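Just follow the structure's listing: the first ligand is 1, and inside any ligand the first atom is 1. All of these numbers come straight from a predicted model, not from anything done at the bench. Below, each value reflects all heavy atoms present in this structure, side chains not excepted, and no hydrogens, waters or symmetry copies.
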Amino acid sequence: MREIAVTSNPGPPEDTAADTRVLGLFDGEHLPEPELQALVERGEAKPGLRKVAVAHEAAPGGGTRRVLIAGLGKREDFDGEAARVAAAVAAARARELGARSLSWALPDDGVEAALVEGTLLRLYSFDRYKPKRDEEEGGVESLEIAGAGVSEEATRRGQIAADSVNRARELQNLPSNVADPIFLAGRAQEIADAHESVEIELFDRDEIVRRGMGAFAAVARGTDAEPRLIVLRYRGGEQGPHLGYVGKAVTFDTGGISLKPGAKMAEMKFDMSGGAAVLESIDAIAKLALPVTITAVVPATENMPSGSAVKPGDIVTALNGKTIEINNTDAEGRLILADALTYAVEQGAERIVDLATLTGAIIVALGSTHAGLFANDDDWFAEVDAACTETGELGWRLPLHPETAKLVEGTYAELDNAPAGRKASSITAAHFLSNFVGEVPWVHMDIAGTAWELGRPYVGKGASGFGVRALVELARRAAGA
Ligand code: BES
Ligand code: MN
Ligand code: ZN
């Protein structure tokens, strides 16, 4: 994965040494340079968001230099999301034109991070199995945010967040024969090794069984790939709150004995997206040294059919002692999360958020624009929702209700992992999880519709890294930064 060097430059944007300069154009406003303003008047450069015009100007050291004029829409509508979109469109055009170095003239206060994110996310591509194409394209090597008053801190924050999103996307995109639970544990180890503030704990299959994580163990029974419970502990200071970040990491979900149909099954390599987001968010949070404590818990396993696989009707006991009737082995995410959530609570997490590609039904309900959010606490929900809005990783709350809670009661055991009829099935999945958080404020994010095919201009259709930036933002808010 290629990383782009990012800097801030408080000097005049027109003095940049970059080979390509990007100038934003707001609706109804003028560009200071008369030759460029002439293009606006002729209608060649347009102010609408997503419009880009290509021009040239005299370079400071002689010769000419490329200028992209990027439409930003109306100034009063301009926000972080608009900045990410404009930056993504400009970055794509710059790459097409063979640009190596980009300099964005900061068009408005406070959008440094968004411009960096839009650029870096758009320029990511999963090309490690297509090395030739990579060489042919060359690519953008550096990005500068230029202008008086540019914040170095915000620029750096954008870079750290975007690099972590791209690393999560790489983990998502890697096929399951490469990115298996051991591989994810290896990446977690790298993160722990890179930061004094991060410690790691890994449980293998024996330890998962020995500790009584019967729900997680049941899912892992059918696969020859070794499962791992991955725990990262981040301590950024004594004063901040103790957060619990939990992410589903099913490195491949065949459905198990309740086998999925073949169509699109290959997409189930993405069923570890929640776990990838949690792991990479910790790397970013540690780089930013945010003053919070986080226990990150990522249960990682494949879900496979085999002679040793868990079977429909089997009853298991979870770490918190609750018994579960497994009526559909394809509802495996809630099983591994059950024990991961209990573990996060046991470790002292005071507020929990989990991310999981949990239900196909959430795609039917919300599409790819919003993740489904579920909460047992309005204040914690409001904090998570605000972080999501800030980063453009939108969520929409769905209800938990005593009537739908009843649907997850089992016939032969306390809980049923897959109530018949699939009524409100994203909601019942959330109710199932709520049985494992006790009284701790908790938000569940069902990211099945947003972890890939998000379709935003800056991430396109592949893996999106959804949730990494929201988790970083959430830690920033919790730290009062
Ligand atoms: N990983 C899937 C959910 C999913 C499906 C995510 C499609 C993204 C795209 C999950 O493990 C699953 O199979 N859920 C079942 C639950 C059902 C058996 C109660 C589902 O949604 O069909
Ligand atoms: Mn499944
Ligand atoms: Zn799954």
- [ ] Please state whether the rings of His444 and Trp442 are parallel, tilted or perpendicular, taking 30° and 60° as the class boundaries.
- [x] parallel
TODO: Quick one: give me the number of protein N/O/S atoms under 2.8 Å from the Mn ion (ligand 2).
DONE: 4
TODO: Say whether His370 and Thr450, considering side chains only, have a donor N or O and an acceptor N or O under 3.5 Å apart.
DONE: no
Task: Any Lys260 heavy atom less than 4.0 Å to ligand 1 - done: yes
TODO: Step through the shown structure and confirm whether more than 12 heavy atoms of other residues, nucleotides or ligands are within 6.0 Å of OH on Tyr412.
DONE: no
TODO: Flag yes if more than 12 heavy atoms outside Lys51 fall under 6.0 Å of its NZ atom; otherwise flag no.
DONE: no
Open item on the list: Does anything in residues 190-203 form a side chain to side chain donor-acceptor pair (under 3.5 Å)? List the pairs, not counting sequence neighbours.
Closed with: Arg187-Glu190, Gln189-Asp193, His195-Asp283, Glu201-Arg233, Glu201-Tyr343
Open item on the list: Under the criterion salt bridge (Lys or Arg N to Asp or Glu O under 4.0 Å), I'd like the reasoning laid out for Glu117 against Arg469: C-alpha separation, chi angles, the key distance, then a yes or no.
Closed with: CA-CA 10 Å; Glu117 289 165 4; Arg469 289 181 300 111; 3.1 Å; yes
Open item on the list: Strictly below 4.0 Å, N to O, side chains only: are Lys130 and Asp127 in salt-bridge contact?
Closed with: no
Task: Val250 contact mode with ligand 1 (heavy-atom cut-off under 4.0 Å) - done: neither
Task: Any residue meeting salt bridge (charged side-chain N to carboxylate O under 4.0 Å, His left out) with Arg128, in chain and number order, not counting sequence neighbours - done: Glu170
Task: Nearby protein N/O/S atoms (those under 2.8 Å) for the Zn ion (ligand 3), with water ignored - done: Lys248 NZ, Asp253 OD2, Asp271 OD2, Glu332 OE2
